[in-house]
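Data block below; observations after.
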Amino acid sequence: MDGAGRRRIYLMRHGHVDYFAPELADPRIVRLTDDGRAQADAAGLALSGIEFDLVVHSGLPRTIETASIVLSGRANAPAMRSAAGLEELKSGWLRAGSREELAARLAFAFDAADEPDAKFMPDGESFASAELRIVATLNQLIAEPNWRRALIVAHEGVNRIILGWACGGGLASIGAFEQDLGCINVIDLDLTPAPLGTALASGLFIERAIIKTMNVTPYDYLKAGLPKTSLEHLFDVDFGRARPLRDIAAREKSVAG
């Protein structure tokens, strides 16, 4: 069957951005910083020997710019496409007492993603809903027959959910998948003709998904300069010794009491 066999997805997170830039009014339109462009350059060099048949980004500027840098200088690169279903999880509005509190809420947002009605921030998108749209979008891409190697440039939460899907752990596992800025994951998919009633739109069945490599950062392969998580780096904080949310929860309980 056309499209059966092994395929490979190179799944990236966009490069570094500054959500606190003074001129930024809408975080959705944030663009790469100089560091982010350097990270994308490093990824482009690492991936320079790979020919992609399919290139997809989330449609947000930071993923478009990252994908464009990775593909720059290629003579036969495929046209990039957007997939709105791969946009980052919607956080809603959140009132935080400090930069550290906001960072803490984001940094530990994935830990209880599998709990009933768990949301990405109190007023944000539910993890269950996000998983449905992200996996559905991924299945649509996998169902397309005419590609073997795909580049997908997305976001931290999106990538965590895709990795949770690939390993079979679902939302219960996504808290363990760190995604550094500008990182690359490699996922192989074995596709076979489908048993009746189990097919993708193409009539194929995902026999198995194999995570070949995860969270590779070509600008720092051994993470010597990356002792913090990516969110700690973005917010310039360090939560390596304690969970500040415990203190925040205690303060909220005291005020409520």
Problem set entry | Distance, nearest 0.5 Å, that separates OG1 of T213 from CG of D188 | 11.0 Å
Exercise. Is there a donor-acceptor pair closer than 3.5 Å between any side-chain N or O of R133 and the backbone N or O of E87?
Worked result: yes
For this session: If you link ILVMFWY side chains whenever their heavy atoms are less than 4.5 Å apart, which other residues fall into the same cluster as I64? By chain and number, please.
Result: Y10, M12, L47, I50, F52, V55, V70, L71, M80, L151, V153, I184, V186
For this session: Sequence neighbours left out, what pairs pass salt bridge (Lys or Arg N to Asp or Glu O under 4.0 Å) with at least one residue falling in residues 63-80?
Result: R31-E65, R37-E65
For this session: Please test H14 against H57 for ring pair (Phe, Tyr, Trp, His ring centres under 6.0 Å), starting from the C-alpha separation and ending with a verdict.
Result: CA-CA 9 Å; H14 62 80; H57 53 70; over 10 Å; no
Exercise. Rounded to the nearest 0.5 Å, how far apart are NZ of K119 and OG of S91?
Worked result: 12.5 Å
Exercise. About how many Å separate CG of L189 and CD1 of I142, when rounded to the nearest 0.5 Å?
Worked result: 5.0 Å
Distance-only donor-acceptor hits, side chain of residues 176-183, under 3.5 Å, sequence neighbours excluded:
| residue | atom | partner | partner atom | Å |
| --- | --- | --- | --- | --- |
| E178 | OE1 | R160 | NH2 | 3.4 |
| E178 | OE2 | S230 | N | 2.7 |
| Q179 | OE1 | N159 | ND2 | 3.0 |
| Q179 | OE1 | N185 | ND2 | 2.7 |
| Q179 | NE2 | N185 | OD1 | 3.1 |
| D180 | OD2 | N215 | ND2 | 3.1 |
| D180 | OD2 | K223 | NZ | 2.9 |

Exercise. With no hydrogens and no angle check, is any side-chain donor or acceptor of S129 less than 3.5 Å from a backbone partner on S126?
Worked result: no
Exercise. Taking atom CD1 of I174 and atom CD1 of I161, what is their separation to the nearest 0.5 Å?
Worked result: 5.0 Å
Problem set entry | W165 side-chain N/O to E131 backbone N/O, donor-acceptor pair under 3.5 Å | no
For this session: Kindly indicate whether the side chain of L32, heavy atoms from C-beta on, has any atom under 4.5 Å from the side chain of V17.
Result: yes
Exercise. How many angstroms lie between CG in D114 and OG in S173, if you round to the nearest 0.5 Å?
Worked result: 9.0 Å
Exercise. What is the minimum heavy-atom distance between L86 and V158, and which atoms define it?
Worked result: O-CG2, 3.3 Å
Exercise. Distance from L11 atom CG to I162 atom CD1, nearest 0.5 Å?
Worked result: 5.0 Å
For this session: Determine whether W147 and I9 make a side-chain contact, defined as any pair of heavy atoms from C-beta on separated by less than 4.5 Å.
Result: yes
Exercise. Hey, is the main chain of R8 close enough, under 3.5 Å, to the side chain of R148 for a donor-acceptor pair?
Worked result: no
For this session: Applying side chain to side chain contact (heavy atoms under 4.5 Å, CB included), run through L54 and R81 and close with a yes or a no.
Result: CA-CA 8 Å; L54 176 67; R81 293 166 40 187; 3.2 Å; yes
Exercise. Under 3.5 Å, side chain of D35 to main-chain N/O of H16, donor-acceptor pair present?
Worked result: no
